[in-house]
Every structure is written in structure tokens, then in C-alpha cells.
Amino acid sequence: MTDRYAVFGNPIAHSKSPLIHAEFARQTGQDLSYEAILAPLDGFSAAVRAFRAAGGRGANVTVPFKEQAYELADRRTARAEAAGAVNTLKFDGEVMLGDNTDGVGLVNDLTRNLGVALAGRRILLLGAGGAARGVILPLLDEAPAELFIANRTAAKAVDLAQRFRQAGKIEGGGFDALAGRRFDLVINATAASLAGDLPPLPDAVFAPDARAYDMMYGQDTPFMAFARARGARVADGLGMLVEQAAEAFYLWRGVRPDTASVIARLRAA
Ligand code: ATR
């Protein structure tokens, strides 16, 4: 029998996850199906339970349900606990396991696909919402020289840094705290790009040979244009999307798909 998986979100129509997982399954010879399910805004848990009752084996979870998925899970991995959010569910007999593969997806894209070393580097993370929180622990695990979280609402960045202070050299503040500081890698995890906005960065924020990464994909953002104009090498979040999917696929199936070919295919499309 074909094993069923799905991604739950709202909206969900434009999700690339079904295509990515179909490609992983074809590549690895795994017998599974993967569909996109639009959950009502007030009906996420019911939708997941119904899918599980109908034979579902696992699911991905996207906006705006990752915090609800965290609550729904019976057991959570350490990285899901740290993220405070779940993007991957595995239905293991009676147990619903919650994991978060977003952070490792970002780190794998940076280090394996883009050749960005993180150890000893100065990293600036923009934003202090769910997207930022999900990647902090995996970034600190790579032993950067420092991780600075800058946010429009400075107090949220300070709180977040405080929460992770045992895990590495981390600091938080407002954008004004960036004056006179330079970073080797700047990651945009704000929702500013969605509104066509640019976080208020100082001109000199990029060190020589710096890299810039926007977690958004599918369009050139004001952040990407700003970084490029100041000499940084720029990447969007498409690789992170594929890498987080690969990590979920591994959790479900115990097999690691090849991501580079899938990223290339999505870029060409
Ligand atoms: P997500 O789950 O995508 O992180 P979120 O939790 O709503 O969404 O967080 C959005 C993040 O983007 C926050 O860090 C927010 O800053 P505030 O905490 O000050 O609200 C940031 N953000 C949203 N719009 C922004 C803008 N136009 N410029 C700068 N930061 C912005």
C-alpha cells in the first residue's frame, strides 16, 4: 500500500512541497504519495487527525500552523522544542512526533550548496519572529564567532538572545545597534520582503566577501538588491525549502534524497 503524506497550510495552493517530495520519492524508489491540504484557519488539528485516521503516515506544516503543530505533537525533538514550532509530523503508531527541519535546512543549504562556512564567522540574523527563532540553535551549533539578532522591536531580539544564551555567543538588539558593526553573513528572516520593504540596515553592514541570504524565494527582494549593490553574494531561500523537505523525508523514510538536482529543477522551472 502506498504511504500517504501531506503538507497542511493556509493558503497552500502554491506550495512546492508536493513536487519536491514526488521527486524525492521517484529518485529513491519510495512508494508514497504527497498532497497539499488546505486546513481551515480554525480547523488545523481536526484536519491533521482526519488525515491520520485515513491512513496518513506523516505531514509537513506551514504558515500559519507551525505553533499549533507544536501543541498537537505528543513528543517533540530537541530542535522542535528550541524552535517553539513544528514543521514536520511523523505518525508513529499511537505517537505523533513533532520535529522542526527548517533550521537544519538553512544550515545545509548554506554549508553544502552555497559553500558558506559558518564556524568563526560573524552572523547577523534579521527578525525575531517564528522564522528567526527556528534557525537560531542550528546556526549556533555551527560555532560562529557571534550571532547578532536585530529586530524592529528590539526587546523581542533581546529576549530571544537571552533564551539561547547557553548555546553560544548570541546578542540581540534593534537595527540602530548595527551602526559600526560588520558581518560575514546576513540572513533575512523578517516578513519585510512580503510587504516589499527593506529592513533598515546600515550601508556598511557587509564585511568584505560577505554573503546575504533571504529566506524568501521566488522573487528578488529589496534586501537582496540592497546586499548585491553593496558587494555581497546573494541567495534566496529556495535551497532551504528543498533541504528542509529532505530532512523531513529522511525522518519519515530513513533515506536521504539528492537535493541539488531538485533545486536545479525548481530554479529552471
Ligand atoms: P514569521 O513567523 O514569518 O517570523 P512573525 O512571527 O510575524 O512571522 O515575525 C515577523 C518578523 O518580521 C518580526 O521580526 C517583525 O518585526 P517586529 O517583531 O518588530 O514586528 C519583522 N518585520 C515584519 N515587517 C517588517 C518590516 N517592514 N521591516 C522590518 N521588520 C519587519
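Counting starts at 1 for both ligands and their atoms, in listed order.
- Within ligand 1, the atoms closer than 4.0 Å to a non-hydrogen atom of G127 are 14 (O), numbered from 1 in the order shown.
- Note on ligand 1: A128 sits in its first shell, one or more heavy atoms being nearer than 4.0 Å.
- Comparing K66, R133, K156, R152 by heavy-atom distance to atom 22 (N) of ligand 1, the nearest is R152.
- Using a 4.0 Å cut-off between charged nitrogen and carboxylate oxygen, R121 and E146 do not count as a salt-bridge pair.
- Under the 3.5 Å distance criterion, with hydrogens and angles disregarded, a donor-acceptor pair is assigned to the side chains of D214 and S193.
- At distances below 3.5 Å, at least one donor-acceptor pair connects side-chain atoms of T221 with backbone N or O atoms of M224.
- Shortest contact from atom 14 (O) of ligand 1 to any protein heavy atom: N151 OD1, 2.6 Å.
- Ranking the protein heavy atoms by distance from atom 5 (P) of ligand 1 puts G129 CA, 4.0 Å first.
- Residues P138 and L106 fail the side-chain proximity criterion, which asks for heavy atoms closer than 4.5 Å.
- When only non-hydrogen protein atoms are considered, atom 12 (O) of ligand 1 lies nearest to A191 N, 2.9 Å.
- Listed by first then second residue, pairs satisfying ring pair (Phe, Tyr, Trp, His ring centres under 6.0 Å) with a partner in residues 62-107 read F44-F65, not counting sequence neighbours.
- The protein non-hydrogen atom at the shortest distance from atom 3 (O) of ligand 1 is A131 CB, 4.0 Å.
- The residues D92 and R75 are annotated as not salt-bridged, no charged nitrogen and carboxylate oxygen being separated by less than 4.0 angstrom.
- For atom 28 (N) of ligand 1, the closest non-hydrogen atom of the protein is A192 CB, 3.6 Å.
- G130 N, 4.4 Å is the protein heavy atom nearest to atom 8 (O) of ligand 1.
- The aromatic rings of F148 and F183 sit tilted relative to each other, their planes meeting at an angle between 30° and 60°.
- Closest protein heavy atom to atom 19 (O) of ligand 1: T153 OG1, 2.5 Å.
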Show the numbers, then the answer: is there a ring pair (Phe, Tyr, Trp, His ring centres under 6.0 Å) between Y34 and F24?
-> CA-CA 11 Å; Y34 188 107; F24 287 168; 9.5 Å; no

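- Shortest contact from atom 27 (N) of ligand 1 to any protein heavy atom: D197 OD2, 3.0 Å.
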